[in-house]
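Read through the structure below, which is laid out as structure tokens, and then see the notes.
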Amino acid sequence: MKGIRRAGFKVLALLLAVTLLVLANAAYLQASEGDQGLERVVVNEYGLDSEGRMVAYFGSPVVDGEVDEIWSQAVPVTPKYISNGVQASAKFRALWDDNALYILAEIKDDQLSDQSANTYEQDSFEVFLDENNNKSSEYGVDDVHFRVNYKNARTADDGDIERFYTRTKVVEDGYIVEARVALQSAPVNGKVLGIELQVNEAKGAQRLGTINVFDATGTAWQDTSKFGEIILLGRPDNAVMGLNPYTLLTLIDIYKELDVSRYANFEIVADAIKAAEAFLDGEIETQQQIDDQVAALRDAVSKLEPAEWLANEKEFKALPNQYRWPNEQQGTIETVVYQATNRRGGTDTKKLHVYLPYGYYDEGNDRKYNVLYLMHGGGENEDLLFGGPGQNRELKRIIDNMIAFGDIEPLIVVTPTFYRGMDDAGEFHKELVNDVIPVVETKYRTYLTTGDLEDMKATRNHRAFGGFSMGALSTWYTYIFALDYVKYFMPLSGDCWIIPTSAGARRAMLTAEYLERVAKNGGYEPTDYYLLCATGDADIAYGNMVPQIEALKQLSDSFIYSGDVSKGNFYFMVAKGGTHHWNWVNQYIYNILPDLFRD
Ligand code: FER
């Protein structure tokens, strides 16, 4: 054994067959050699076993961006799928211990760029993990999709970023990523996890392509069944884990990135970080000492107060994990087929899904429900959010939970598509008014009775429209062309493109003035319409939305900016780290739903 330096560790060291993390000044975590005398599995030219799986042996590397000796015991994997135009190459290795899966990515690429606002278009490395290997298409609570760029900037498309610790190092011919994914359930010898590893190669602000181990389709980000597998082997029976400082290290990283200007009392966190760093530099004897530092850091963060200038902001709250699990009180999904006028003067047969809240069909229930229409993004369809009858996807589970916990009143949620029919995100408002609202709202118990335009107008307080990305575009257009029939608007990660050849980003004030004229010409007061906008600061739409939002703020007679909908009719919620991805969008919906239908 090497690196056992602290007397307090001696007893442990005797027991220790494989893994010991040694804390010595700032250079904690010296790994010991693993898998002595273990049989090694035969692998093919790509480094995969006879069943095409990656193989991880037991061992705890030090995650510091340096390739420790222990990595020489891991199996090098040469990724097979390299998209056209990619010049980079990569080699991956994996290890595991009782707490985590470790990946080493050595990437050869002599031009590194983080110019794109879209994190997956930066030179970066991605880990996809399906911990229970159930290959659910949709990401479940056990699935993560993490990314880190060559400068060690981490993003999470799915999963809790606190479970992802990395160090990167730029070297002469590329960069090295050392990554650790904390596991949720105890791993054992022979356990098989779903996994995919990906390198994004960037040039300037473009992505040239990707390097993948298992997925040739480029759709692992939305479908965990595209992952391959990794088998965990080589844990000796008498292995004992050393101290685990990674939660603490991760929190220090994350809290150091917090925007100081957003808090009135950031010094309490700054002090806690300093204390934790001093602690890590000192002598550490027990896990409890580390855990106490973690608790102190979390406690400091929980005491943060928003800075004064943020008093008007809508604060993003991460979705509680509990809300991702099925509630006992579940709504149901139904499918409605209807006819929609198409561009050729004919009609298309289309379908949409309808979420009916728990209790909708209870005997004697004659309650009427508010209706939220939710539009998908480009390339997606009406099945994305709810699937269909009998399915229980994440958005449905969130809404079920929100209703069950009393966060919101029961409501109906409708997921149509802008494809076919007029086949355009910007034209969907016509189909909404002509076909979708009358069909849906006369079929179900809503406030609409006859389905004619006057009735639709009289019931606009009971209708909301929101959407993601190109669905946000549909939302802005619905505001512009169907304000008479809808009161609440929820554009998520998308700006308004009503001014020709330019988006809300480039002609922000013209766009804002246009939006103001819509309300004024319609004779509406600010309390008659709500623009509840959101995105993430790592979202491709962020830079497009900011100028438009700033311009709207200036028209404060019409757009009264406040995170409190009893004080204003317009906000822009920004999630730190939020990417252009439904895992984030579902959380925006979670945050915004309580602000709908407040009459
Ligand atoms: C935007 C950024 C991206 C936006 C739409 C997109 C409507 C759509 C991207 C895509 O579909 O790929 O600001 O606004």
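Order of appearance sets the numbers: ligands from 1, and atoms from 1 within every ligand.
Ranking the protein heavy atoms by distance from atom 11 (O) of ligand 1 puts Met470 CG, 3.5 Å first. Distance from atom 2 (C) of ligand 1 to its nearest protein heavy atom, with residue and atom name: Asn544 ND2, 3.6 Å.
When non-hydrogen atoms are compared, ligand 1 lies under 4.0 Å from the backbone of Asp495 as well as from its side chain.
Under the 6.0 Å cut-off for aromatic ring centres, Tyr561 and Phe570 qualify, their centroids lying closer than that. With ring centers used as reference points, Phe125 lies under 6.0 Å from Phe92.
A distance of 11.0 Å separates CD of Glu131 from CG of Asn134, quoted to the nearest 0.5 Å.
Using a cutoff of 4.0 Å between basic side-chain nitrogens and carboxylate oxygens, Lys151 and Asp123 are not scored as salt-bridged.
Heavy-atom separations between Ser469 and ligand 1 include at least one value shorter than 4.0 Å. Residue contacts with ligand 1 include Trp497, since one or more of its heavy atoms lies under 4.0 Å from the ligand.
For the pairing with Thr417, the side-chain hydrogen bond (donor to acceptor under 3.5 Å, both in side chains) check across Glu380, His376, Glu431 returns one residue only, His376.
Near Ala541, the atoms of ligand 1 lying under 4.0 angstrom from a non-hydrogen atom of the residue are 1 (C), 2 (C), 13 (O).
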